[in-house]
A.B. asks: 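My questions will all concern the structure given below.
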Amino acid sequence: FYLVLQVVIMSFADLKRELAKSGARSCIDLRGQPDIVPTNIQAAQAGGFRKMKQNEGMSGKPLWKIQLEAQAQREQALEAAKAKEAEKIAPPGGEGWIEQSEDVLVHEATKLHFQVSSRRYFRFNDAGGWRLVECDPDHTFETATVSYAGDGVASRQATALPETRHVLVPDLVKAGAALKMSIEHMDRPASLFAVYRGDAASATASDFCAKLLHTKVLLRFSSYMGKWDPGRIAAALQGAVDELAAEVSVAHRDLQQGSVSLVVCVACGSVVHVVSCGRAQAVVARPGRGGVYSVEAMTQRDPQQSSSSGVLGPRTQVLCSEVAGGETIVLATSPMVVGSVEGALKAFGTRPRAVAHGVLQQMEARPAGVVAIHVSQISPSAAAGEPQAKKPRLDDKAGKIRCRHIVLKYVGCKPAVDPLRRKLVTRTLEEAELALLEVLPRLIRDATREFPTLARELSECQSAMKGGIEAGDLGWLRKGSLSKQFDNVAFKLKVGQISDVVVADTGVHIIQRLA
């Protein structure tokens with residue numbers, strides 16, 4: 001016990017000496033440690049006792065004042081919510097709005113719908129069974145000072161079902177109205193041109209595509225009744241083609257990949273949009289100085305598309321191009337020779353069917369289908385549909401035009417008989433067209449001298465028997481005197497103008513308007 005007590009005494013003695021050395025301070029220095037709050041004793045040892053203030057660490061604002069401010073904030077938030085709710089419920093402007101439901105207001109006169117929760121406008125569109133589609137009530141379509149005229153040709157093969165299909169819709173707005181898919185909001189002119197091609201085994205698949213694609217495009221265009229910029233049109237066109245590719249691959253799963261090629265051009269205002277699948281191509285030729293054309297490709301591979309994309313083959317990117325008039329767009333289901341496009345344009349000018357034939361004759365791969373689209377510049381008054389001022393006439397032939405023509409009969413026309421030689425014709429439609437295409441450049445260069453001569457040599461019409469410069473002259477004609485196809489071309493010609501090759505029920509014609 002004595003030894004233990006002595007050890008304890010020695011330990012206290014050592015501790016006393018250590019405290020003396022440190023100035024009687026704690027060995028643990030808490031100064032500089034803000035996260036640790038010392039006790040009063042530790043604070044006194046560290047340098048003196050500090051008396052804490054009342055409400056230290058708080059804002060210093062009295063509780064009654066804090067409560068008053070919180071109440072004011074709650075009242076302000078309540079007033080803002082009431083104002084926002086009142087803004088939602090209020091009609092978008094004007095009179096005539098009635099409440100159809102808690103969330104929908106309807107304008108009695110315009111049948112415009114207003115959704116309160118989203119603050120968006122809707123109209124009924126008869127696409128897909130009278131559905132409400134979003135719209136912009138302040139939007140008005142614009143009309144560009146250009147017009148589009150297109151025609152298509154194809155290599156004809158002796159098969160039960162033609163492998164090539166052309167879909168030419170010069171007025172897409174009228175087509176939408178006829179199919180109950182209103183696109184009155186789209187810029188004018190709105191047109192669609194497409195060509196589809198399959199082999200003999202996939203002819204039904206190309207027919208399947210030709211019947212569906214334009215309806216899918218119209219359905220998307222009718223889904224929003226407002227301004228459609230080029231990017232939005234391109235997205236809709238791409239979506240329609242991708243949907244068609246999926247459907248045709250399911251409906252014709254027995255066909256090989258890439259069995260069908262297609263290329264489609266959608267024109268809206270002064271902007272054209274082109275997309276293709278498979279081996280199809282598209283180019284745009286722009287006129288330059290000295291009759292030289294600059295030909296640019298309008299199909300570009302989409303890197304996101306795999307090489308095996310089903311029956312239609314890989315899809316290209318949707319390319320947009322602005323036109324001003326004078327351009328010619330050529331669509332083909334097989335690769336084209338650029339020189340053939342330039343040569344066809346120099347030979348036939350602004351005549352789409354003749355240009356399409358000229359390109360087709362020099363294509364690398366045949367059979368194929370070609371569509372040529374010529375873009376013309378028109379006056380603002382013509383674009384707006386204003387009637388042109390009538391010129392005074394010096395005769396009593398009002399409502400009539402005077403024309404001369406060269407016509408070749410073909411198997412299937414009415415009648416398929418050469419009235420001059422009094423025999424049945426055996427040539428096909430394609431042979432008749434090619435025969436007239438050979439002489440068309442001569443007529444374009446010098447119609448005054450060449451037309452009577454060629455009419456006497458080639459034309460299968462009684463008018464070819466007339467003497468002198470009147471050979472081929474049909475005299476004064478009213479609408480309905482000949483076929484509808486003839487009238488549609490002849491009455492649009494200017495005096496002295498030579499037409500394109502015109503396929504009609506009565507034969508294949510080249511027409512010149514004389515008066």
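All heavy atoms count here, side chains included; hydrogens, waters and symmetry mates do not. None of these values were measured; they are calculated from a predicted model.
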A.B. asks: Under the ring-ring contact (aromatic ring centres under 6.0 Å, His included) test, which residues partner H214, sequence neighbours left out?
C.D. replies: none
A.B. asks: Under the criterion side chain to side chain contact (heavy atoms under 4.5 Å, CB included), which of L218, I233, L172, V266 is the partner of M186?
C.D. replies: I233
A.B. asks: Taking NZ, NE, NH1 and NH2 as the nitrogens, is one of them in K227 or D187 under 4.0 Å from a carboxylate oxygen of the other?
C.D. replies: yes
A.B. asks: Using every non-hydrogen atom in the two residues, find where I511 and L493 come nearest and quote the distance to one decimal.
C.D. replies: O-CD1, 4.0 Å
A.B. asks: Ignoring hydrogens and angles, state whether a donor on the side chain of S182 or H185 is under 3.5 Å from an acceptor on the partner side chain.
C.D. replies: no
A.B. asks: Between H273 and L237 (side chain of the first, backbone of the second, donor and acceptor by atom type, cut-off under 3.5 Å), is there such a pair?
C.D. replies: no
A.B. asks: Side-chain polar contacts of residues 437-448 - donor-acceptor pairs under 3.5 angstrom, sequence neighbours left out - could you list them?
C.D. replies:
from : atom 1 : to   : atom 2 : distance (Å)
R442 : NH2    : E450 : OE1    : 2.9
D446 : OD1    : R449 : N      : 3.4

A.B. asks: Nearest 0.5 Å please: distance from the CD atom of E327 over to the CG atom of L345.
C.D. replies: 11.5 Å
A.B. asks: Under the side chain to side chain donor-acceptor pair (under 3.5 Å) rule, what pairs show up with a residue in residues 411-424, not counting sequence neighbours?
C.D. replies: D418-R421
A.B. asks: Any side-chain heavy atom of W228 within less than 4.5 Å of one from C268?
C.D. replies: no
A.B. asks: Under a 4.0 Å threshold between the charged nitrogen and the carboxylate oxygen, would E184 count as salt-bridged to R123?
C.D. replies: no
A.B. asks: Going by atom types only, do T316 and S276 share a side-chain donor-acceptor pair under 3.5 Å?
C.D. replies: yes
A.B. asks: Taking atom types as modelled, find out whether E433 and H357 have a side-chain donor-acceptor pair closer than 3.5 angstrom.
C.D. replies: yes
A.B. asks: With a 4.0 Å cut-off, would you call E296 and R286 a salt bridge?
C.D. replies: yes
A.B. asks: Hey, which of Q497, R402, H405, R404 is the one that makes side-chain hydrogen bond (donor to acceptor under 3.5 Å, both in side chains) with Q512?
C.D. replies: R404
